[in-house]
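Let me begin by presenting the structure, written as structure tokens, before commenting on it.
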Amino acid sequence: MQDNKQEKSLIKQNILLYLAKKEVSPYEFYKKSGVTRGILQQNNGISEENIARFLAYAPDVNTEWLLTGNGSMLKKPTNGISSELVKTDPTKGENYIPPTAPMEQYSQKEAIPLTEIKETSKIKPIPLVTETVAAGFGNEHFSITEKDVKEYYVIPKFRFCRVDFMIEVSGLSMYPHFNPGDVIACTILNDRKFIQWNKCHVIATREQGILVKRLMPSNNKDSLTAVSDNKDYLPFDIPIEDITGLALVVGSVSLE
């Protein structure tokens, strides 16, 4: 007689390993993370929503290790800052970066908090906003106010790009191109004729909120086809009338 008993998924096993390493009890984990209570003890899979909640709870976990078991459990701490820029305050015993450090000395791939260089940089700071704020970018009266901004960043690599805003990626549909927590830079498109097929776009919709997908022409003339990089997510059509705004992803700041 064949045994059809399901085994606990690899992702669940890895979450339990992480909690054991951090010495966190399941009760405490469920309470703080919002992950469905008891789900880790069940011998089945785990939903994308619960995975996203775990990743929000554990920002130091290596996404590749979580999904595949490959690599180290925790991310390697990196900041991309040259050690030559770091100075030590002998009175406090703390390291810091002088705000007058020349822009050219920063890594071209680094996102630099505005407060560190606002007096020396001639590059326009880019606002990092929440998905809720970004959802309104298709409105002709869309504007970002100070209270909408989580942080401003100056990214030398983007100095020649027109970046209107930045948002954080959530979910796993665009993995491995984007990891949850990666920050993407967006340029608002005011006309659909500027869509770049098979490129990543941010799509604001009435029914599904903010989506990050590659866009392709649809067999239905009244729709666009949204394609994920994660092959576990099938392509689907978005009715054009449901789209309230489009933005092209022109760059990203990825987590290691």
Side-chain angles (χ1 to χ4, degrees), residues 34-36 45-56 63 67 126-151 153 158 161-255:
V35 169
T36 304
I46 183 169
S47 69
E48 181 187 2
E49 181 179 2
N50 278 323
I51 294 173
R53 288 176 178 175
F54 169 71
L55 289 170
T63 306
L67 299 179
I126 305 169
L128 173 66
V129 300
T130 64
E131 283 194 8
T132 302
V133 173
F137 74 81
N139 188 316
E140 63 177 325
H141 302 297
F142 173 71
S143 63
I144 297 173
T145 63
E146 287 298 322
K147 64 182 178 62
D148 299 326
V149 178
K150 298 172 66 176
E151 179 64 276
Y153 282 90
F158 295 163
C161 299
R162 181 177 67 82
V163 179
D164 294 303
F165 63 89
M166 299 173 71
I167 60 171
E168 293 182 18
V169 174
S170 62
L172 295 166
S173 66
M174 294 304 289
Y175 178 83
H177 190 63
F178 296 133
N179 287 309
D182 286 357
V183 175
I184 53 177
C186 308
T187 297
I188 296 174
L189 303 181
N190 295 315
D191 195 314
R192 288 200 304 274
K193 68 183 179 182
F194 295 117
I195 291 174
Q196 297 186 26
W197 300 122
N198 204 33
K199 296 288 187 181
C200 294
H201 292 73
V202 174
I203 309 109
T205 69
R206 293 187 177 88
E207 296 296 325
Q208 301 183 70
I210 289 287
L211 303 172
V212 180
K213 302 289 181 185
R214 297 185 187 275
L215 285 178
M216 293 295 290
S218 170
N219 292 328
N220 183 344
K221 66 177 182 178
D222 296 321
S223 299
L224 298 175
T225 298
V227 182
S228 302
D229 278 16
N230 187 332
K231 301 309 177 185
D232 291 335
Y233 296 80
L234 297 177
F236 61 92
D237 278 1
I238 306 173
I240 291 175
E241 65 179 12
D242 187 46
I243 297 174
T244 60
L246 289 168
L248 178 67
V249 177
V250 297
S252 65
V253 179
S254 299
L255 302 177

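As a basis for the values below, the full set of heavy atoms in this structure was taken, side chains included, without hydrogen atoms, waters or symmetry mates. Count residues from 1 along the sequence.
- The shortest heavy-atom contact between V35 and N50 is CA-OD1, 3.5 Å.
- Inter-residue side-chain proximity for P127 and M166 is flagged as unmet; no heavy-atom pair is nearer than 4.5 Å.
- When only modelled atom types and interatomic distance are considered, S252 and D182 share no side-chain donor-acceptor pair under 3.5 Å.
- Put simply, the side chain of I203 does not reach to within 4.5 Å of the side chain of I210, judged on heavy atoms.
- Distance OG/S223 to CD1/I240: 6.5 Å, rounded to 0.5 Å.
- No side-chain heavy atom of P180 sits less than 4.5 Å from a side-chain heavy atom of V169.
- You'll find the side chain of L215 reaches within 4.5 Å of the side chain of L246, heavy atoms only.
- Residues satisfying the salt bridge (Lys or Arg N to Asp or Glu O under 4.0 Å) test with R53, not counting sequence neighbours, are E49.
- Contact check for V129 versus I167: side-chain heavy atoms found under the 4.5 Å cut-off.
- At least one side-chain heavy atom of I238 sits less than 4.5 Å from a side-chain heavy atom of T205.
- Sorted by first then second residue, the side chain to side chain donor-acceptor pair (under 3.5 Å) pairs that include residues 224-233, not counting sequence neighbours, are E48-Y233, K213-S228, R214-D229, T225-D237.
- In plain terms, the two heavy atoms of L211 and F236 that are nearest each other are CD1-CZ, 4.1 Å.
- Under the side-chain hydrogen bond (donor to acceptor under 3.5 Å, both in side chains) criterion, T63 pairs with no residue, sequence neighbours left out.
- Put simply, the side chain of F178 does not reach to within 4.5 Å of the side chain of S173, judged on heavy atoms.
- The stretch residues 238-247 participates, sequence neighbours left out, in no salt bridge (Lys or Arg N to Asp or Glu O under 4.0 Å) pair at all.
- In this structure, L67 and Y175 have side chains that are in contact, with non-hydrogen atoms separated by less than 4.5 Å.
- M174 and V227 get closest at one heavy-atom pair: SD-O, 4.0 Å.
- Legend: residues meeting salt bridge (Lys or Arg N to Asp or Glu O under 4.0 Å) with K199, ordered by chain and number and at least two apart, are absent.
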Extract all donor-acceptor atom pairs below 3.5 Å that involve side chains of residues 184-197 and protein atoms in other chains or at least two apart in sequence.
from: T187; atom 1: OG1; to: R162; atom 2: O; distance (Å): 2.3
from: D191; atom 1: OD1; to: K193; atom 2: N; distance (Å): 3.0

